[in-house]
Amino acid sequence: MDNRVKFYSWLIGLLDRKHLTFEEIANEWRDANANQDEDELDKRTFHRYRENIQSQFGITVECDKSDGYRYYLKRDPIANDDVTEWMLSSLRLASLGDMLKFHNKVMLDTPPYNTEYLDDILAAIDKQYLLKFKYVSGFGAESDIVLQPAFVR
């Protein structure tokens with residue numbers, strides 16, 4: 001997984017728990033499991049990544065100058081963060097294998113099946129298309145099903 005995306009996910013998780021100065025963030029990053037290459041974090045890169053987090057996830061990393069230049073997450077209280085949280089959770093799980101030295105110590109549930117159809121289903125919802133597929137019952141009886149998807153759960 002791209003190191004930038006690992007950093008975004010890591011920083012959001014970190015700042016969700018506490019407000020930190022840039023120096024504290026850089027020190028935490030130096031020792032983070034997500035930082036496999038042991039990269040140093042410079043201020044310019046940090047600020048560029050802050051902007052990327054805003055544009056990609058809609059989460060603002062703010063600086064409170066009155067509190068010693070501590071950074072924190074500012075979320076829109078009205079916005080529905082379910083999709084953002086789902087995306088961040090997926091990113092954390094995707095980077096899990098990279099971050100663990102002993103893969104045999106983690107047991108994961110089976111991932112969702114047939115996610116390769118998700119783009120098609122979402123397009124059908126947006127454009128109000130009908131989907132047609134063959135259904136085979138547990139008894140082996142085949143039938144054609146036509147439906148208009150309304151939502152994904």
Side-chain angles (χ1 to χ4, degrees), residues 1-20 22 25-26 28-29 32-37 39 41-64 70-153:
M1 177 178 285
D2 185 357
N3 285 339
R4 290 173 300 174
V5 175
K6 285 182 190 178
F7 179 81
Y8 303 159
S9 173
W10 173 84
L11 183 65
I12 291 167
L14 181 69
L15 293 180
D16 225 4
R17 295 187 302 271
K18 53 188 170 181
H19 298 195
L20 297 170
F22 168 76
I25 292 168
E28 294 269 349
W29 177 244
N33 284 339
N35 185 9
Q36 290 179 314
D37 299 334
D39 294 331
L41 180 64
D42 64 53
K43 242 184 186 175
R44 190 172 173 183
T45 301
F46 173 71
H47 290 298
R48 187 174 66 249
Y49 288 176
R50 280 178 57 203
E51 292 172 7
N52 293 347
I53 288 171
Q54 167 68 39
S55 66
Q56 293 179 18
F57 299 102
I59 298 172
T60 306
V61 178
E62 290 279 332
C63 180
D64 186 355
R70 294 190 180 279
Y71 292 91
Y72 64 96
L73 296 184
K74 182 178 179 185
R75 296 181 189 236
D76 184 354
I78 299 171
N80 183 355
D81 286 352
D82 289 347
V83 173
T84 302
E85 288 305 319
W86 187 84
M87 227 172 24
L88 289 170
S89 179
S90 296
L91 289 173
R92 289 182 191 115
L93 287 174
S95 66
L96 183 66
D98 294 341
M99 295 184 333
L100 293 173
K101 294 177 183 164
F102 305 103
H103 300 287
N104 61 345
K105 297 193 183 211
V106 175
M107 296 171 58
L108 299 174
D109 288 336
T110 305
Y113 296 107
N114 299 324
T115 55
E116 65 269 16
Y117 302 116
L118 189 57
D119 287 339
D120 295 331
I121 294 169
L122 292 173
I125 292 170
D126 285 342
K127 297 177 181 174
Q128 298 182 348
Y129 289 160
L130 297 175
L131 296 177
K132 181 179 178 180
F133 57 93
K134 285 204 180 291
Y135 171 74
V136 180
S137 74
F139 303 108
E142 278 190 21
S143 58
D144 287 336
I145 304 288
V146 177
L147 61 88
Q148 183 176 10
F151 64 92
V152 172
R153 181 177 175 124

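Just so you know, these numbers use all the heavy atoms, side chains as well, and skip hydrogens, waters and symmetry mates. Small disclaimer: the values here were computed from a predicted structure and weren't measured.
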Exercise. Could you give the distance from OH (Tyr72) to OG1 (Thr60), rounded to the nearest 0.5 Å?
Worked result: 9.0 Å

Exercise. In Å, rounded to the nearest 0.5 Å, how long is the span from NZ of Lys18 to CD of Glu28?
Worked result: 4.5 Å

Problem set entry | Closest non-hydrogen atom pair, Asp42 against Phe22 | C-CZ, 3.6 Å

Exercise. Which pair of non-hydrogen atoms, one from Leu15 and one from Tyr71, has the smallest distance, and what is that distance?
Worked result: CD2-O, 3.5 Å

Seminar exercise, completed: The side chain to side chain contact (heavy atoms under 4.5 Å, CB included) partner of Ile59 among Ile53, Leu11, Asp16 is Ile53

Problem set entry | Close side-chain approach of Arg50 to Gln54, heavy-atom, < 4.5 Å | no

For this session: To the nearest 0.5 Å, tell me how far His47 NE2 sits from Glu51 CD.
Result: 9.0 Å

Problem set entry | Asp144 side, atom CG; Phe133 side, atom CZ - distance, nearest 0.5 Å | 9.5 Å

For this session: Taking all non-hydrogen atoms of both residues into account, name the closest pair between Ile125 and Pro149 and its distance.
Result: CG1-O, 3.6 Å

Seminar exercise, completed: CG (Leu73) and CD (Glu62) are apart, to the nearest 0.5 Å, by 10.0 Å

Problem set entry | From CG (Asn3) to CG (Asp39), nearest 0.5 Å | 6.0 Å

Exercise. Near Gln148 CD, under 6.0 Å, is it more than 12 heavy atoms from other residues, nucleotides or ligands?
Worked result: yes

Problem set entry | Under the ring pair (Phe, Tyr, Trp, His ring centres under 6.0 Å) test, residues paired with Tyr49 that sit two or more places apart | Phe7, Tyr8

